[in-house]
Number of protein chains: 2
Amino acid sequence: MSDIVFDHKECGSCPIRHRAVCARCETDELEELDSIKYYRSYEAGQPIVWSGDRMDFVASVVTGVASLSQAMEDGRTQMVGLLLPSDFLGRPGRDVAPYDVSAVSNLTLCCFRRKPFETLMTRTPHIAQRLLEMTLDELDAAREWMLILGRKTAREKIASLMAIIARRESSLALKSTGDGMMFELPLTREAMADYLGLTLETVSRQISALKREGIITLEGKRRVIIPDFDRLQIETGDDMDGGMMA
Amino acid sequence: MSDIVFDHKECGSCPIRHRAVCARCETDELEELDSIKYYRSYEAGQPIVWSGDRMDFVASVVTGVASLSQAMEDGRTQMVGLLLPSDFLGRPGRDVAPYDVSAVSNLTLCCFRRKPFETLMTRTPHIAQRLLEMTLDELDAAREWMLILGRKTAREKIASLMAIIARRESSLALKSTGDGMMFELPLTREAMADYLGLTLETVSRQISALKREGIITLEGKRRVIIPDFDRLQIETGDDMDGGMMA
DNA sequence: CGCGTTTTTTGATCTGGGTCAATGCGCCCA
DNA sequence: TGGGCGCATTGACCCAGATCAAAAAACGCG
């Protein structure tokens, strides 16, 4: 089951301190949050909650990657969200999970009991402000994803996924090799397929094709090197210049 | 161009007073909002803003339907949002539109100049609270849409669209014929195709098929009758019982 | 190490929905 | 009263990606 960690970490040294829901909090607000928080860890592949489950906490992803996905009863599934460090999990005011949530990689959450968090939120506008901002960003990401799912070819979908991960990763620590980029793919082929609305065979074939053409290079199965980001960008089918990425 | 209407309507008699961003506002807050608001009307098909345009207002849809869509330079387009009465358009804190917005049907917006709206928002938590709630709802809707785009067949997509419109309509005024439902389709075949990630030919074929099988009935080109909602629901491929629709 | 298990790649074939091309149907306006 | 124009429907054909099947890496694990 879930490997619950009770040791209490200091917010001051938290890697997501300045990007998570708590980003705007003052010292006193942080203390209040601190008093209702606890950490929880999951191993790669573990389920966190199932759709329909009661959910009595909300959380920030501290390290690792989690996924939100919807399943149809015949087994088809669609990933509808990928939560990276600093992303928020759960919805204040709702007690039943609408999606399956699971740990894609090893994962640590900073959890807050829902009720105290909700009351705290009504008192401290800084949290609500930040949450609104983050939710609007997620909505934009979801809409970008709708274009990918609805209109892009398999090759464009793979290129888009690579570009998105590379971009997100680069906002943090990105090791660069020459002027290229390198990152660790946090997803299995099946997870990629679930995210992109493809089968895992098609994912594999398109990755092979991009590799064959030198647009990406694999080191082992998971480490990806992008020698020329602009070249990848072209393959996404996106408007190059578009300066909308707010 | 856009047919700007200056006549000032009373918030008290506003049809979306209790569901829009202003839903939670007290009398005094409403007065402040009132002082920065103005109405604007568009005819079906008119563009409202283009992606990349500067946007110096935010707005509530009062009557009619608007769409948000993304276009790729080769012409492929994906609708990423459908705004019905009470839905909110624009994002506080952002001055460039990330999507093309256009009037799907005749449309009236209640607009607020963005800057004053933003300052008002920092002062009145009721507005920010309501906006957060609405944004979270939109995020849920976007994620439901991702499942439709990524995993459903053309027939399931059409059935899902019909079911969603019927359900939204029924939350308002829905004329029922016997125990069936009836509503006006606000979208052209092409708009449906853009929404569903299909071509208009496929949309037309699938609608014909559902009609042939008696799952829907058309009166004219736009009026839809659903004699048995459960039967339609089955065609959507969704979990029947699922009580997640928060 | 060698062997079972899981994940990934590759191949062969099939098919849902795209593409291209007519045709039909209101509806407005002269 | 009959073009002309903007939807919408229908048909014929094709192809990207699904499906089915098998081989090949990678990954523990005793």
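All of these numbers come straight from a predicted model, not from anything done at the bench. The sequence lines fix the lettering, A, B, ..., with proteins before strands; numbering per chain opens at 1. What's counted below: heavy atoms across the whole structure, side chains too, no hydrogens, waters or symmetry copies.
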For [X] and [N], what is the distance between atoms [atom1] and [atom2] respectively, to the nearest whole Å?
{"X": "A/Leu218", "N": "D/dA25", "atom1": "CG", "atom2": "P", "result": "15 Å"}
{"X": "B/Leu200", "N": "C/dA21", "atom1": "CG", "atom2": "P", "result": "15 Å"}
{"X": "A/Arg212", "N": "C/dT10", "atom1": "CZ", "atom2": "P", "result": "7 Å"}
{"X": "A/Ile207", "N": "C/dT10", "atom1": "CD1", "atom2": "C1'", "result": "14 Å"}
{"X": "A/Glu43", "N": "D/dG28", "atom1": "CD", "atom2": "P", "result": "12 Å"}
{"X": "B/Arg223", "N": "D/dA8", "atom1": "CZ", "atom2": "C1'", "result": "19 Å"}

**Item:** Touch class at under 4.0 angstrom, heavy-atom based, for B/Ser204 against every strand present
**Value:** base
**Request:** Under 4.0 Å between any heavy atoms, over every strand shown, what does A/Arg76 touch: base, sugar-phosphate, or nothing? Just pick one.
**Result:** nothing
**Request:** Classify the side-chain pair B/Thr63/B/Thr108 by whether it contains a donor and acceptor separated by less than 3.5 Å.
**Result:** yes
**Request:** Would you please say whether a donor-acceptor pair under 3.5 Å links the side chains of B/Thr217 and B/Lys211?
**Result:** no
**All pairs passing ring pair (Phe, Tyr, Trp, His ring centres under 6.0 Å) where residues 56-78 of chain A contributes a residue, at least two apart** = none
**Asked** With ring centroids as reference points, do A/Trp50 and A/Tyr99 lie under 6.0 angstrom apart?
**Response** no
So which protein N/O to nucleotides 14-18 of chain C N/O distances come out below 3.5 Å?
residue: C/dG17; atom: OP1; partner: B/Ala154; partner atom: N; Å: 2.9
residue: C/dG18; atom: OP2; partner: B/Thr199; partner atom: N; Å: 3.4
residue: C/dG18; atom: OP2; partner: B/Thr199; partner atom: OG1; Å: 3.0
residue: C/dG18; atom: OP2; partner: B/Thr202; partner atom: OG1; Å: 2.4

**Request:** Mind grabbing the angle between the end helix axes of the helix from C/dC1-D/dG30 to C/dA30-D/dT1? Five pairs an end, 10° rounding.
**Result:** 30°
**Request:** Decide salt bridge (Lys or Arg N to Asp or Glu O under 4.0 Å) for B/Lys221 and B/Glu184; before the verdict, give the C-alpha distance in whole Å, the side-chain angles of both, and the deciding distance to 0.1 Å.
**Result:** CA-CA 9 Å; B/Lys221 209 106 287 185; B/Glu184 207 72 28; over 6 Å; no
What's touching nucleotides 25-29 of chain C from the protein side, N or O pairs under 3.5 Å?
none

**Asked** So which heavy atom on A/Val65 is nearest to which on A/Ser105, and how close?
**Response** N-OG, 2.9 Å
**Shortest non-hydrogen contact from B/Met146 toward A/Leu149** = O-CD1, 3.5 Å
**Message:** side chain to side chain contact (heavy atoms under 4.5 Å, CB included) for A/Leu198 and A/Arg205? Distances and angles first, verdict last.
**Reply:** CA-CA 11 Å; A/Leu198 297 171; A/Arg205 273 188 253 271; over 6 Å; no
**Prompt:** CD/A/Glu156 to CD/A/Glu235 distance, rounded to the nearest 0.5 angstrom?
**Reply:** 8.5 Å
**Prompt:** What residue pairs, at least two apart or across chains, pass salt bridge (Lys or Arg N to Asp or Glu O under 4.0 Å) with a residue in residues 52-71 of chain A?
**Reply:** A/Arg54-A/Asp95
**Prompt:** What residues form a salt bridge (Lys or Arg N to Asp or Glu O under 4.0 Å) with B/Asp100, not counting sequence neighbours?
**Reply:** none
